[in-house]
Amino acid sequence: DVKVTQSSRYLVKRTGEKVFLECVQDMDHENMFWYRQDPGLGLRLIYFSYDVKMKEKGDIPEGYSVSREKKERFSLILESASTNQTSMYLCASSLERGWKGTDTQYFGPGTRLTVL
Amino acid sequence: QKEVEQDPGPLSVPEGAIVSLNCTYSNSAFQYFMWYRQYSRKGPELLMYTYSSGNKEDGRFTAQVDKSSKYISLFIRDSQPSDSATYLCAMNAPNSGGSNYKLTFGKGTLLTVNP
């Protein structure tokens, strides 16, 4: 079974702190994704990566950056956390590089981040 | 107009009922259509995907796509309390470069099946 793990289930940070969210997948998947999920807004893509050291902006990249130094690990960084970044953050991975419409995304359990 | 519209519910039905969940979309470039199920405090998991217009059945679940109307549905027959979850529709199309894809999700419909 594919396993996507996220470093924390719950995280509380203060405004202005630098926050790192870590995601690891164990199935040698090419693609990795970071989403945030908010009531009434659904799942929104922040960034994705289709290869080590490669990244592409999603729909809402402002205020976030990412790092993929190893294939299995994809980090989301909030350089200076703000209260409007309080959300559920979900990491996902999928197997195939390139345009594969049927490529399944496997999600981690999520990190509930609260910024005070 | 949002690319994908999904009624957030909540939807509450008795055990054994037939459930119909729906999404509409505006982007004609969408080619693949998926339904994800998300249990409380878990990440979404893929339930079904379809490519062409028509029906696809998997056990108690049937996914239906009508590309001419830009409308997709998920039907659950003989619903069970274990089906209680949020159901998200998702669709994809190549990005502008044609090399990678992203999923566009509906907001999800919260379903409760009461025993």
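Reminder, nothing fancy here: chain letters follow the sequence lines and each chain counts from 1.
- Residues of residues 108-116 of chain A that come closer than 4.5 Å to chain B, counting heavy atoms only, are A:G108, A:P109, ordered by residue number.
- Hydrophobic clustering of Ile, Leu, Val, Met, Phe, Trp and Tyr side chains at less than 4.5 Å, counting indirect connections, keeps A:F33 apart from A:L21.
- B:Y32 and B:F105 fall within a single hydrophobic cluster, where Ile, Leu, Val, Met, Phe, Trp and Tyr are joined by side-chain heavy atoms under 4.5 Å apart, directly or via other members.
- Checked by atom type and distance alone, the side chain of A:R9 pairs as donor or acceptor with a backbone atom of B:R41 at under 3.5 Å.
- When heavy atoms are compared at a cutoff of 4.5 Å, B:P44 approaches chain A by way of both its backbone and its side chain.
- In the hydrophobic clustering of this structure, A:L45 does not group with A:L95; members are Ile, Leu, Val, Met, Phe, Trp, Tyr whose side-chain heavy atoms approach within less than 4.5 Å, directly or through other members.
- Proximity to chain B among residues 82-91 of chain A is limited to A:L90, judged by heavy-atom separations below 4.5 angstrom.
- Using modelled atom types, no side-chain atom of B:K107 and backbone atom of A:L41 make a donor-acceptor pair closer than 3.5 Å.
- In terms of hydrophobic clustering, with Ile, Leu, Val, Met, Phe, Trp and Tyr side chains grouped at heavy-atom distances under 4.5 Å, B:F75 and B:L47 are assigned to different clusters.
- Counting only heavy atoms from C-beta outward, the side chains of A:Q37 and B:L88 approach each other to under 4.5 Å.
- Contact of B:Q38 with chain A is made through the side chain alone, with heavy-atom distances under 4.5 Å.
- Counting heavy atoms from C-beta outward, B:L46 and A:Q105 have side chains that stay 4.5 Å or more apart.
- A 4.5 Å side-chain heavy-atom check between A:Y35 and B:L103 finds at least one atom pair inside the cut-off.
- Interface remark: B:Y36 contributes side-chain atoms only to the contact with chain A (heavy atom separation under 4.5 Å).
- Side-chain heavy atoms closer than 4.5 Å link hydrophobic residues (I, L, V, M, F, W, Y) into clusters, and following such links, possibly through other members, connects B:I72 to B:L74.
- Counting heavy-atom neighbours within 6.0 Å of B:K42 NZ, excluding the residue itself, gives a total of 12 or less.
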